[in-house]
Amino acid sequence: LCSEFGDLVQIKKQLITVISLCKERGLVHSVKWASELAFALDPLPKNELPPSATFTEEDAQDLDVLGLAKSYFDLKEYDRAAYFLRGCRSQKAYFLYMYSRYLSGEKKKDDETVDSLGPLEKGQVRNEALRELRVELSKKHSAGELEGFTLYLYGVVLRKLDLLKEAVEVFVEATHALPLHWGAWLELCNLITNIDMLKSLSLPDCWIRDFFMAHMYTELQMIKEALQKYQSLIESGFSKSTYIISQIAVAYHNIRDIDQALALFNELREQDPFRIENMDTFSNLLYVRSMKPELSYLAHNLVEIDKYRVETCCVIGNYYSLRSQHEKAALYFQRALKLNPRCLGAWTLMGHEYMEMKNTSAAIQAYRHAIEVNKRDYRAWYGLGQTYEILKMPFYCLYYYRKAHQLRPNDSRMLVALGESYEKLSQHVEAKKCYWRAYSVGDVERMALLKLAKLHEQLNESDDAAQCYIIYIQDIFSCGEQLEHAEVSTALRYLGQYYFKNKLYDEASLCAQRCCDYNDAREEGKALLRQISQVRDHMEASSTDLFGPLSSNNTPVRRVSPLDLSSFSP
């Protein structure tokens, strides 16, 4: 049923077939996904087009009813569609009957939610149809009467009822019954929490599985593997696919490779200028870079296209946040959540806004909702850690930062936050490990070494502190850009005093001279230079044999190599 990548013509045929199957059943998102992929492949000649699906006797009997019900379904009159489909025998009609009932329940739930509650109490309203649907579908399931699409619907019902283990089994079964239906794969993506769980599933061997694995690697923050997968998909013939470009852009966003991600999002907007999906991620990147004009342009552009889309509201929220209008920003994130209560990004971003407004209880509530929607959202765990830090509850901080670190093991920000929590709890060994690891994995904010040096300084481990300050200074100068919070002067002051105590007067005087370049250290630098010249005068006066005492064993052991500042200029 499902071919390998060697044969793009076969893949194109399968996509065309599955598009028409999903269209008949009202599965609009799967239609869109398959259509975007099909569009990226070359068109087929007329004689190669796949024949239309086979027609059974039951299909023929239900033809008119299906046509009528589908017209009501397309107009979102779900109860009306279900009423006419209630006695039908064909599989297609049965799916549409059950799906109409499910969507009717969802629509009523959403309407009630919008009518009654603010976005922070979303969880209380339920889809009343779910229990009945589960009973009916589970009977059919036990009798082995469910085909691929109905298995998918059964899985969705189980997930909505929080029966997640059963849902995973049913979705795996659905991918085997109908490997080309992307919806079932995507549902699986949202339920798999770690790599071991992913490896334990037996999935059909099919080209679409590669798309699933790439998506899964992105979700599990295994970005290197994800990028390799997407690269091989591009090479096997999908180079024009906007879906793949957007996924690669999201992957680069996840590893904070901002330049690459921005370039890809700009390319995506050139190819598909009216696209709205993923634009909230694009706006996050513009926000991080403080690119106000670009973010403003994007926000205005999306408002023109569709101002009542979740992504548009998130972009506008980011725009106001960048302008420090936090109340307005929170309002737009709330609007996004009214449109889609399961919008993960909006919950997290709203938490950030409440933090800015010093409303910690609302922030905690928002972050918790984000985690309910997706346990893998490291930003929400990190946000909770920050909130409890403000509330001076370091044990709680430690728990949440640990969770964030498990999800992003190579993100220096999580490690620095963990280190700070350990330090507050006086677990100094753990704190040192965290800071050093943060430096080793590539410290985004260049704070880890500074914090490590200060910790060593507190613990009177002067050699280690000096070593850290030296690496810190070299690190700051080698990165070329001037960082606002760089504390080079702190490091130079410490090193000056350290070398002075260890009688390394040349190095000490070099550090003291460098201190004079910084306003906050100028006076200390001058004072140290005066001290050094006094000591040198004293040495010259008191002894002609001035190197005698230095080479004896009473000097401290020089574990620290002298700082070579000659090649760096601040």
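We number each residue from 1, following the sequence as shown.
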Which atom pairs, one a donor and one an acceptor, fall under 3.5 Å between side chains of residues 304-311 and the rest of the protein, sequence neighbours left out?
| unit_1 | atom_1 | unit_2 | atom_2 | d |
| --- | --- | --- | --- | --- |
| Asp306 | OD1 | Tyr308 | N | 3.0 |
| Arg309 | NE | Glu311 | OE1 | 3.2 |

All N/O donor-acceptor pairs, side-chain side in residues 35-43, below 3.5 Å, sequence neighbours left out:
| unit_1 | atom_1 | unit_2 | atom_2 | d |
| --- | --- | --- | --- | --- |
| Ser35 | OG | Val31 | O | 2.6 |

Side chains of residues 222-231: which donor-acceptor partners sit under 3.5 Å, not counting sequence neighbours?
| unit_1 | atom_1 | unit_2 | atom_2 | d |
| --- | --- | --- | --- | --- |
| Tyr230 | OH | His215 | N | 3.4 |
| Tyr230 | OH | Gln247 | NE2 | 2.9 |

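Using a 4.5 Å cut-off on side-chain heavy atoms (C-beta onward), Ile471 and Tyr439 make contact. Side chains of Glu420 and Cys434 form no contact here, defined as non-hydrogen atoms less than 4.5 Å apart. Here the side chains of Thr490 and Lys454 are in contact, with some heavy-atom distance below 4.5 Å. At a threshold of 4.5 Å between non-hydrogen side-chain atoms, the residues Arg25 and Ser30 do not count as touching. Looking at heavy atoms from C-beta onward, Ser232 lies out of side-chain contact with Asp210 at the 4.5 angstrom threshold. For the pair Tyr401 and Gln386, the minimum side-chain heavy-atom distance is below 4.5 Å. Residues His181 and Phe149 are in side-chain contact: their nearest non-hydrogen atoms beyond the backbone lie under 4.5 Å apart. Put simply, the side chain of Leu339 reaches to within 4.5 Å of the side chain of Cys313, judged on heavy atoms.
The backbone N or O of Phe212 lies less than 3.5 Å from no partner atom in the side chain of Trp182, so there is not a single donor-acceptor pair. Proximity of a side-chain donor or acceptor of Arg289 to a complementary backbone N or O of Met291 within less than 3.5 Å is not detected. Here the side chain of Ser239 pairs no donor or acceptor atom with the backbone of Glu235 at under 3.5 angstrom. Of the possible donor and acceptor atoms, none in the side chain of Ser296 sits under 3.5 Å from a partner among the backbone N and O of Lys292. Asn278 places no side-chain N or O within donor-acceptor distance of the main-chain N or O of Thr281, the cut-off being under 3.5 Å. Side chain of Arg335 to backbone of Leu331: no donor-acceptor contact under 3.5 angstrom is found. The backbone N or O of Asn318 sits nowhere less than 3.5 Å from a side-chain atom of Ser321 that would complete a donor-acceptor pair. Ser290 places no side-chain N or O within donor-acceptor distance of the main-chain N or O of Leu286, the cut-off being under 3.5 Å. The backbone N or O of Leu452 sits nowhere less than 3.5 Å from a side-chain atom of Trp436 that would complete a donor-acceptor pair.
Under the 6.0 Å cut-off for aromatic ring centres, Tyr388 and Tyr400 qualify, their centroids lying closer than that. Remark: aromatic rings of Trp381 and Tyr378 are distant, center separation not under 6.0 Å. A ring-centre distance under 6.0 Å is found for Phe211 and Phe238. Within the 6.0 Å centre-distance limit, the rings of Trp33 and Tyr243 are counted as a close aromatic pair. Aromatic pair His352/Tyr367: centroids less than 6.0 angstrom apart.
When all heavy atoms of Tyr287 and Leu322 are compared, the pair lying nearest together is CE1-N, 3.5 Å. Among all heavy-atom pairs drawn from Ala329 and Gly317, the shortest one is CB-O, 3.3 Å. For Arg446 against Tyr472, the heavy-atom pair with the smallest separation is O-CE1, 3.5 Å. The shortest heavy-atom contact between Tyr99 and Gly26 is CE2-O, 3.8 Å. Nearest approach of Ala448 to Val416, heavy atoms of both residues: CB-CG2, 3.9 Å. Pairing each heavy atom of Ala336 with each of Ala346, the nearest pair is CB-CB, 4.0 Å.
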Please step through salt bridge (Lys or Arg N to Asp or Glu O under 4.0 Å) for the pair Lys328 and Glu353, ending with a clear verdict. CA-CA 9 Å; Lys328 262 190 167 174; Glu353 295 312 308; over 6 Å; no
Between Thr360 and Tyr354, is the side-chain contact (heavy atoms from CB on, under 4.5 Å) condition met? List the steps. CA-CA 7 Å; Thr360 43; Tyr354 283 133; over 6 Å; no
Begin from the C-alpha positions of Asp280 and Leu349 and carry the test side-chain contact (heavy atoms from CB on, under 4.5 Å) through to its verdict. CA-CA 11 Å; Asp280 47 344; Leu349 293 168; over 6 Å; no
Using side-chain contact (heavy atoms from CB on, under 4.5 Å), reason through Ile208 and Gln14 one step at a time and then give a plain yes or no. CA-CA 11 Å; Ile208 208 165; Gln14 289 166 356; over 6 Å; no
For a side chain to side chain donor-acceptor pair (under 3.5 Å) check, start with the C-alpha distance between Arg269 and Asn301, then their side-chain angles and the critical distance, and finish with the verdict. CA-CA 11 Å; Arg269 275 176 65 74; Asn301 189 225; 2.6 Å; yes
Assess whether side-chain contact (heavy atoms from CB on, under 4.5 Å) is satisfied between Leu27 and Leu21, documenting all intermediate values. CA-CA 9 Å; Leu27 295 164; Leu21 291 176; over 6 Å; no
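Between the NE2 atom of His369 and the CE atom of Met350 there is a distance of 8.0 Å, given to the nearest 0.5 Å. From Met447, atom CE reaches atom OH of Tyr435 across 9.0 Å, with rounding to the nearest 0.5 Å. Met197 CE to Leu201 CG: the interatomic distance, rounded to the nearest 0.5 Å, is 6.0 Å. If you take CG on Asn284 and CZ on Arg379, they are separated by 6.5 Å, rounding to the nearest 0.5 Å. Rounding to the nearest 0.5 Å gives a distance of 8.0 Å between CD1 of Ile192 and OG of Ser200. Taken to the nearest 0.5 Å, the CD1 atom of Ile16 stands 5.5 Å off from the NZ atom of Lys12.
Between Glu106 and Lys160 there is a salt bridge, with a side-chain nitrogen of the basic residue lying less than 4.0 Å from a carboxylate oxygen of the acidic one. Note on Glu389 versus Lys424: salt bridge recorded, some NZ/NE/NH1/NH2 to OD/OE distance being below 4.0 Å.
For Asp411, the salt bridge (charged side-chain N to carboxylate O under 4.0 Å, His left out) partners at least two apart in sequence or on another chain are Arg408, Arg413. Taking Glu294 as the reference, nothing meets the salt bridge (charged side-chain N to carboxylate O under 4.0 Å, His left out) condition, with sequence neighbours excluded. Scanning for side chain to side chain contact (heavy atoms under 4.5 Å, CB included) contacts around Asn410 gives Arg437, Val441, with sequence neighbours left out.
If you check the side chains of Thr348 and Asp377, you find a donor sitting under 3.5 Å from an acceptor.
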